[in-house]
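By convention here, the first residue in the shown sequence is residue 1.
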Amino acid sequence: MGKSAIRTVCKVDFDKPASEQPYLHNRWHPDIPPAATIKDGETVKIECLDWTGGQIKNDDFADDIKNVDLTRVHYLSGPFAIENAEPGDALLVEIMDVQPFEDQPWGFTGIFDKSNGGGFLDELYPSAAKAIWDFEGIYCTSRHIPHVKFAGLIHPGILGCAPSQEVLDTWNKREAELIAANKLDRDVALPPQPLNVHAGSADPNTKEKVGLQGARTIPGRPEHGGNCDIKNLSRGSKVYLPVHVPGANFSVGDLHFSQGDGEISFCGAIEMAGIITINFSVIKSGVSQLSLTSPIYIPGPVEPHFGPGRYIYFEGFSVDQHGKQHYLDVAVAYRQTTLRCIEYLRRFGYSDYQIYLLLSCAPIQGHVAGIVDIPNACTTLGLPIDIFDFDISPSAIPVKKLDMGRCAFETGKTEGEMVTTAGKNSEVSFGGGLNYKE
């Protein structure tokens with residue numbers, strides 16, 4: 001280290017469609033060929049597109065969010081074969097740095113339209129919306145959500161090793177069973193889909209196989225991590241991943257400048273293209289040595305710090321907005337926690353959609369406070385006071401409303417829809433507070 005430049009093992013091309021770049025892929029499958037080989041112990045740089053492959057633009061309209069093609073997303077850089085890695089080993093991934101490209105110092109946060117992707121609160125806020133964030137060093141600001149500035153806890157949303165065929169078959173089986181049992185008025189999982197599959201440099205026969213079998217990259221999964229969107233998995237973090245195939249076939253992507261716990265709007269981090277620097281080490285027999293059923297990680301030393309007394313915490317319980325009792329349902333509780341924060345910040349002049357976007361990407365702290373006191377789960381959301389340039393504390397009364405402008409909506413709209421009847425027909429327990437099929 002230090003005697004030569006760090007090798008770049010993947011370069012992306014902004015002038016070429018992501019689907020035509022052989023160092024990218026958008027499915028998990030053991031047969032996708034490695035894009036490069038990395039030595040055990042080596043540190044490398046990996047370039048990544050944003051997770052939509054460049055579909056979202058730096059403008060003041062959300063038409064691109066509303067119409068985003070979700071079959072052309074999650075283009076991951078890789079896979080990369082790691083020398084000496086064998087099934088049963090653990091791959092230690094140490095994140096040395098993550099940065100945006102120098103000539104693209106901006107990112108975006110989106111609320112997807114309920115009919116095209118949705119999000120955690122999509123039954124209440126079903127319209128598409130967008131905020132653009134400008135980067136200045138470690139800080140970001142947005143013309144669409146004024147009076148806010150904070151340091152980014154920059155991190156990858158997705159990293160993981162390829163599944164074996166056995167692990168892949170397990171994923172497809174259990175997710176197919178969930179789809180077959182679905183009673184909700186929404187997709188609950190995404191099965192393999194040949195449409196717009198990208199398998200890197202695979203030959204046509206292998207690409208066809210990947211399209212028929214390959215697991216979608218949207219969810220994280222216990223056997224390998226994947227799309228976990230953990231905001232504290234930032235610079236200096238160490239991640240221990242199970243290895244399932246020779247070479248591990250590691251992939252990474254979906255870089256975030258910042259994110260709140262839960263990434264509640266689904267496209268809720270500050271999404272960006274950028275460069276991640278990683279050191280790889282193989283731990284022989286690491287799965288058994290560490291009892292590694294799912295990935296574990298150690299946070300790094302770099303993150304924004306706010307004093308314990310510089311947060312406002314909001315509580316939520318598993319009683320939904322219609323007063324219906326649910327049994328220890330953390331999803332219901334966290335929705336209610338989020339709504340309490342929206343109600344609070346609305347008083348200062350922000351719209352509900354601006355707050356929804358902000359809570360998705362600002363460094364909020366989400367916690368499960370109680371999960372045993374039947375029937376109510378309790379969750380909390382900690383909002384850092386110091387990201388605002390005015391006083392939002394409970395002592396700041398009477399409240400003075402400010403002109404907050406607006407976030408970006410689709411052409412012809414100046415506000416998003418708000419639905420008050422969402423979840424009225426949900427089940428009493430274990431319903432998640434969502435609408436059911438008629």
Side-chain angles (χ1 to χ4, degrees), residues 5-18 21 23-26 35-36 38 43-58 64 68 72-80 93-110 130-142 150-160 217 225-237 239 250-260 263 267-280 300 302-304 360-363:
I6 297 175
R7 183 166 67 105
T8 297
V9 294
C10 175
K11 282 187 172 291
V12 297
D13 187 342
F14 293 100
D15 297 321
K16 181 186 290 187
Q21 300 187 44
Y23 297 112
L24 306 177
H25 64 99
N26 64 357
I38 299 169
T43 297
V44 298
K45 291 182 179 291
I46 301 170
E47 294 186 0
C48 302
L49 295 177
D50 80 79
W51 79 284
T52 71
Q55 294 186 58
I56 309 304
K57 307 305 178 187
N58 186 347
D64 48 7
V68 65
R72 297 181 181 271
V73 296
H74 272 185
Y75 291 100
L76 306 181
S77 296
F80 303 106
V93 175
E94 186 171 4
I95 300 171
M96 313 301 284
D97 197 14
V98 192
Q99 294 290 338
F101 286 98
E102 287 186 4
D103 57 352
Q104 291 205 24
W106 65 276
F108 64 90
T109 303
K130 180 173 75 176
I132 298 296
W133 297 86
D134 296 310
F135 307 149
E136 293 183 85
I138 65 171
Y139 292 102
C140 65
T141 57
S142 174
F150 52 87
L153 183 53
I154 194 166
H155 63 278
I158 302 176
L159 51 77
T217 55
N227 191 25
C228 294
D229 293 317
I230 300 170
K231 78 175 195 298
N232 299 98
L233 211 163
S234 185
R235 290 169 291 182
S237 297
V239 191
F250 170 88
S251 301
V252 64
D254 187 23
L255 303 186
H256 298 164
F257 188 83
S258 177
Q259 182 201 298
E263 198 188 7
C267 187
I270 300 179
E271 311 286 350
M272 68 172 209
I275 306 166
I276 184 168
T277 306
I278 299 177
N279 176 268
F280 295 92
V302 180
E303 66 174 87
S360 296
C361 64

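How far CG of N227 is from OG1 of T217: 7.0 Å, rounded to the nearest 0.5 Å. Note that the SG atom of C10 and the CG atom of L76 stand 10.5 Å from one another [nearest 0.5 Å]. Expressed to the nearest 0.5 Å, how far CZ of R7 lies from CD1 of I46 amounts to 10.0 Å. To the nearest 0.5 Å, atom CG of residue D97 and atom OG1 of residue T277 are 5.0 Å apart. Note that the CG atom of D254 and the CE atom of M272 stand 10.5 Å from one another [nearest 0.5 Å]. We find the CH2-CZ distance between W51 and F108 to be 7.5 Å, quoted to the nearest 0.5 Å.
The shortest distance between side-chain heavy atoms of Q259 and I230 does not fall below 4.5 Å. Looking at K231 and H256, their side chains never come closer than 4.5 Å, going by heavy atoms from C-beta outward. A 4.5 Å side-chain heavy-atom check between I275 and E47 finds at least one atom pair inside the cut-off. You'll find the side chain of P304 reaches within 4.5 Å of the side chain of L153, heavy atoms only. The closest side-chain heavy-atom distance from L233 to L159 is below 4.5 Å. By the 4.5 Å heavy-atom criterion applied to side chains, C48 and V252 are counted as neighbours. Here the side chains of P105 and P100 are not in contact, with every heavy-atom distance at 4.5 Å or above. D50 is not listed as a side-chain neighbour of Q104, based on a closest heavy-atom distance of 4.5 Å or more.
Judged by distance alone, the side chain of S237 and the main-chain N or O of N232 form a donor-acceptor pair under 3.5 Å. In terms of modelled atom types and a separation under 3.5 Å, the side chain of Q55 and the main chain of R72 share a donor-acceptor contact. Without hydrogens or angle criteria, S142 side chain to I132 main chain gives a donor-acceptor distance under 3.5 Å.
Of all heavy-atom pairs spanning L24 and V12, the tightest one is CD2-CG1, 4.1 Å. Shortest non-hydrogen contact noted between H155 and S234 is CB-CA, 4.0 Å. Of all the heavy atoms in L49 and Q21, the pair that sits closest is CD1-NE2, 4.1 Å. Here the closest heavy-atom approach between residue I270 and residue C361 is recorded as CG1-CB, 3.6 Å. In plain terms, the two heavy atoms of V9 and F80 that are nearest each other are CG2-CE2, 3.7 Å. Closest approach of V98 and R235 over heavy atoms only: N-CG, 3.7 Å.
Note: F250 and F280 have perpendicular aromatic rings, judged against thresholds of 30 and 60 degrees for the angle between ring planes.
Only one option out of F135, W133, Y139 pairs with F150 in a ring pair (Phe, Tyr, Trp, His ring centres under 6.0 Å); it is W133.
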